[in-house]
Amino acid sequence: MMDASVAVTEQENVTENILGGKKVAVVFVLGGPGSGKGTQCSNIVEHFGFTHLSAGELLRTEIKSGSENGAMIDNIIKEGRIVPSEITIKLLQEAMIKSENDKFLIDGFPRNEENRAAFENINLSPDFVLFFDCSEEEMGRRLLGRNQGRADDNIETIRKRFGVFEESSLPVVEYYDSKDMVKKINAAKPIAEVFEDVKTVFQMYCPKHALLNQATQMPSRE
Ligand SMILES: Nc1ncnc2c1ncn2[C@@H]1O[C@H](COP(=O)(O)OP(=O)(O)O)[C@@H](O)[C@H]1O
Ligand SMILES: Nc1ccn([C@@H]2O[C@H](COP(=O)(O)OP(=O)(O)O)[C@@H](O)[C@H]2O)c(=O)n1
Ligand SMILES: [Mg+2]
């Protein structure tokens with residue numbers, strides 16, 4: 001009885017996650033601003049062959065591209081608010097379709113309930129959610145030391161981003177937690193130690209085909 005229902009659920013997940021004619025695996029990477037999402041995603045890409053899609057990075061690229069929405073996106077980011085989901089979901093969708101890969105780390109999305117609903121509306125669901133847990137004090141320190149010339153890494157905007165994170169983003173993590181889909185990582189430790197915990201999660205929960213692909217991509221040692 002139990003086994004049958006599990007099989008049906010898995011079957012549904014597999015048939016749901018079709019995008020641009022290919023079956024895709026998706027991991028949401030969530031956590032407060034400065035918790036280390038981007039840093040750890042780079043490590044995961046290197047070790048597990050995922051493609052990293054940062055929603056914030058896609059939005060910043062959209063501003064630079066001179067798109068008609070650029071000025072509006074720029075203002076929202078400077079205020080630490082969240083860009084309307086239809087814009088962000090379109091950028092993510094296009095990037096996934098364009099990519100030759102079939103497994104994606106979606107970093108910094110969904111950041112509110114509207115983002116989450118937009119993803120569901122394109123009939124995709126995450127395999128699991130990686131959540132980086134870190135204190136505001138530590139995140140604030142990291143953001144002020146990030147030095148990437150970002151318009152939103154200043155004290156005033158950082159305060160607003162923390163507010164939005166508490167109010168709008170944490171409920172999304174709680175939603176997935178209620179479905180037992182969240183892998184919570186203590187992100188307050190040094191980068192290498194955090195990655196040890198991340199690796200354990202990916203070794204245990206990575207979809208089988210992802211690990212197989214990784215094996216086939218290994219360079220030969222001759
Ligand atoms: N575990 C860590 N300990 C100390 N500094 C970190 C750690 N992880 C990331 N950083 C640094 O903190 C800043 C923010 O990290 P980043 O990966 O950009 O976070 P996010 O994408 O969650 O905002 C960067 O300067 C990064 O080098
Ligand atoms: N899903 C998302 C992700 C980011 N953003 C915007 O982009 C900003 C930067 O996002 P980011 O993920 O690059 O920021 P970090 O958490 O990496 O510091 C956010 O503060 C939002 O203003 C958004 O509107 N919607
Ligand atoms: Mg980031």
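In listed order, ligands and their atoms are each counted from 1. No experiment lies behind these values; they were computed from the predicted model shown.
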Asks: Got a sec: does the NZ of Lys160 have more than 12 other heavy atoms crowding it under 6.0 Å?
Replies: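 More than 12 heavy atoms, drawn from other residues, nucleotides or ligands, come within 6.0 Å of this atom.
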Asks: Among Thr200, Val201, Asp133, Val29, which residue meets the side chain to side chain contact (heavy atoms under 4.5 Å, CB included) test with Ile185?
Replies: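 The option that passes is Val201.
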Asks: Is Arg146 touching ligand 2 with its side chain, its backbone, both, or neither, if touching means heavy atoms under 4.0 Å apart?
Replies: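 Side chain only.
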Asks: May I ask you to check if Arg111 and Phe165 form a cation-pi contact, with NZ or CZ under 6.0 angstrom from the six-membered ring centre and within 45° of the axis?
Replies: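 No; the conditions do not both hold, so Arg111 does not lie above the ring face of Phe165.
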Asks: Is the side chain of Lys98 donor-acceptor paired with the backbone N or O of Gln93 at a distance under 3.5 Å, no angle test?
Replies: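 Checking the backbone N and O of Gln93 against the side chain of Lys98, no donor-acceptor pair under 3.5 Å is found.
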Asks: Got more than 12 heavy atoms from elsewhere within 6.0 Å of CZ, Arg146?
Replies: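 For Arg146, atom CZ is crowded (more than 12 foreign heavy atoms under 6.0 Å).
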Asks: Can you find a pair of side-chain heavy atoms, one from Phe131 and one from Asp177, that are under 4.5 Å apart?
Replies: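 The answer is no, as the side chains (C-beta and beyond) never meet within the 4.5 Å cut-off.
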Asks: Does Ser54 have a heavy atom less than 4.0 Å from any atom of ligand 1?
Replies: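 For ligand 1, residue contact (heavy atoms, under 4.0 Å) with Ser54 is absent.
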Asks: For ligand 2, which atoms sit closer than 4.0 Å to a heavy atom of Lys37?
Replies: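 So the atoms of ligand 2 that pass are 15 (P), 16 (O), 17 (O).
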Asks: Which residue supplies the protein heavy atom nearest to atom 18 (O) of ligand 2, what is that atom called, and how far is it?
Replies: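 Protein heavy atom with the smallest distance to atom 18 (O) of ligand 2: Arg161 NH2, 2.7 Å.
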Asks: Inspect the surroundings of NZ in Lys184 and state if more than 12 heavy atoms from other residues, nucleotides or ligands are less than 6.0 Å away.
Replies: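 12 or below, so no.
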Asks: Which option out of Cys41, Gly38, Gly32 puts a heavy atom nearest to atom 21 (O) of ligand 1?
Replies: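 Comparing heavy atoms across Cys41, Gly38, Gly32, the nearest one to atom 21 (O) of ligand 1 lies in Gly38.
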Asks: Using heavy-atom distances only, which candidate in Arg150, Arg141, Arg146 approaches atom 24 (C) of ligand 1 most closely?
Replies: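 Of the listed residues, Arg146 has the closest heavy atom.
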Asks: Mark up the atoms of ligand 2 that fall under 4.0 Å of a heavy atom belonging to Arg60, in ascending order.
Replies: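 What qualifies from ligand 2 is 9 (C), 13 (O).
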Asks: Decide whether an N or O pair under 3.5 Å exists between Gly80 and ligand 2.
Replies: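 Looking only at distances, the answer is no, because the N/O contact criterion of under 3.5 Å is not met.
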Asks: Give a yes or no on whether the backbone of Ser125 and the side-chain of Asn17 come within a donor-acceptor separation of less than 3.5 Å.
Replies: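 Side chain of Asn17 to backbone of Ser125, a donor-acceptor pair under 3.5 Å: yes, one is there.
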Asks: Can you tell me which residue and heavy atom of the protein come closest to atom 24 (O) of ligand 2, and the distance to 0.1 Å?
Replies: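 The closest heavy atom on the protein side is Val83 N, 2.7 Å.
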Asks: List every atom of ligand 2 that sits less than 4.0 Å from any heavy atom of Arg81, numbering the atoms from 1 in the order shown and giving each element.
Replies: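 Under 4.0 Å from Arg81, ligand 2 has these atoms: 21 (C), 22 (O), 24 (O).
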Asks: Nearest heavy atom to atom 3 (N) of ligand 1: which of Glu57, Arg161, Arg142 does it belong to?
Replies: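 The option holding the nearest heavy atom is Arg142.
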Asks: Is there a nitrogen or oxygen of Arg111 sitting under 3.5 Å from a nitrogen or oxygen of ligand 2?
Replies: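 So ligand 2 has an N or O lying under 3.5 Å from an N or O of Arg111.
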Asks: Is there a nitrogen or oxygen of Thr88 sitting under 3.5 Å from a nitrogen or oxygen of ligand 2?
Replies: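 For ligand 2, there is no N or O atom that lies under 3.5 Å from one belonging to Thr88.
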Asks: Can a non-hydrogen atom of Glu79 be found less than 4.0 Å from any atom of ligand 2?
Replies: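 No heavy atom of Glu79 comes that close to ligand 2.
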Asks: Can you report which non-hydrogen protein atom sits closest to atom 23 (C) of ligand 2, along with the distance?
Replies: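 Checked against all protein heavy atoms, atom 23 (C) of ligand 2 sits closest to Leu59 CD1, 3.5 Å.
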Asks: Which heavy atom of the protein is the closest neighbour of atom 7 (C) of ligand 1, given with residue, atom name and distance?
Replies: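 Of the protein heavy atoms, Ile191 CG1, 3.3 Å lies nearest.
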Asks: Is any side-chain heavy atom of Phe48 less than 4.5 Å from a side-chain heavy atom of Leu105?
Replies: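 Not touching, per the 4.5 Å side-chain cut-off.
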Asks: If the test is side chain to side chain contact (heavy atoms under 4.5 Å, CB included), which one of Leu58, Leu53, Ile89, Leu91 qualifies with Phe109?
Replies: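 Per the side chain to side chain contact (heavy atoms under 4.5 Å, CB included) rule, the option paired with Phe109 is Ile89, out of Leu58, Leu53, Ile89, Leu91.
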Asks: Say whether Lys189 and ligand 1 are in contact under the criterion: heavy-atom distance to a ligand atom below 4.0 Å.
Replies: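 Yes, that is the case, since the closest heavy atom of the residue is under 4.0 Å from the ligand.
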Asks: If you measure every N or O of Asp107 against every N or O of ligand 1, does any of those distances drop under 3.5 Å?
Replies: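 No, no N or O pair falls under 3.5 Å.
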Asks: Go through ligand 1 atom by atom and flag the ones less than 4.0 Å from a non-hydrogen atom of Thr39.
Replies: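 Result: 9 (C), 15 (O), 16 (P), 17 (O), 26 (C).
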Asks: Locate the shortest heavy-atom distance separating Ser35 from Ala187; write the atom from each residue and the value.
Replies: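 Taking Ser35 first and Ala187 second, the nearest heavy atoms are O-CB, 3.5 Å.
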Asks: Looking at Glu62 and Glu68, would you say the former's side chain and the latter's main chain have a donor-acceptor pair under 3.5 Å?
Replies: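 Pair absent, no side-chain N/O of Glu62 close to backbone of Glu68.
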Asks: For Val182 versus Val173, what's the shortest heavy-atom pair and its separation?
Replies: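 In terms of heavy atoms, the two residues are closest at CG2-O, 3.6 Å.
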Asks: Please confirm whether the backbone N or O of Thr157 pairs with a side-chain atom of Asn154, one donor and one acceptor, at under 3.5 Å?
Replies: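 Checking the backbone N and O of Thr157 against the side chain of Asn154, a donor-acceptor pair under 3.5 Å is found.
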Asks: Counting only N and O atoms by type, is there a donor-acceptor contact under 3.5 Å from the side chain of Lys37 to the main-chain atoms of Gly32?
Replies: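 Judged by distance alone, yes, a pair lies under 3.5 Å.
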Asks: For atom 19 (O) of ligand 1, find the nearest protein heavy atom and state the residue, atom name and distance (0.1 Å precision).
Replies: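 The closest one turns out to be Gly36 N, 3.2 Å.
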Asks: Which heavy atom of the protein is the closest neighbour of atom 14 (O) of ligand 2, given with residue, atom name and distance?
Replies: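 Minimum-distance protein heavy atom for atom 14 (O) of ligand 2 reads Arg150 NH2, 3.1 Å.
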Asks: Mind checking whether Val164 contacts ligand 2 via backbone (N, CA, C, O), side chain (CB onward), both or neither, at a 4.0 Å heavy-atom cut-off?
Replies: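 Within the 4.0 Å criterion, Val164 makes no contact with ligand 2.
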Asks: Could you tell me the residue and atom name of the protein heavy atom closest to atom 8 (C) of ligand 2, and the distance to it rounded to 0.1 Å?
Replies: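 Looking at atom 8 (C) of ligand 2, the protein heavy atom closest to it is Asp152 OD2, 4.0 Å.
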Asks: To the nearest 0.1 Å, how far is atom 2 (C) of ligand 2 from its closest protein heavy atom, and which atom is that?
Replies: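 Result for atom 2 (C) of ligand 2: Gly108 O, 3.5 Å.
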Asks: Going by an N to O cut-off under 4.0 Å, is there a salt bridge joining Asp152 and Lys78?
Replies: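 Salt bridge: no.
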Asks: Would you say Gly31 touches ligand 1, if touching means a heavy atom closer than 4.0 Å?
Replies: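 No heavy atom of Gly31 comes that close to ligand 1.
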Asks: May I ask you to identify the nearest protein heavy atom to atom 25 (N) of ligand 2, giving residue, atom name and distance to one decimal place in Å?
Replies: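 Minimum-distance protein heavy atom for atom 25 (N) of ligand 2 reads Ile82 CG2, 3.8 Å.
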Asks: In ligand 2, which numbered atoms sit nearer than 4.0 Å to a non-hydrogen atom of Phe109?
Replies: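 It comes down to these atoms of ligand 2: 1 (N).
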Asks: Find all atoms of ligand 1 within a distance of less than 4.0 Å from any non-hydrogen atom belonging to Pro190, and give their numbers and elements.
Replies: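 Going through ligand 1 atom by atom, the ones under 4.0 Å from Pro190 are 1 (N).
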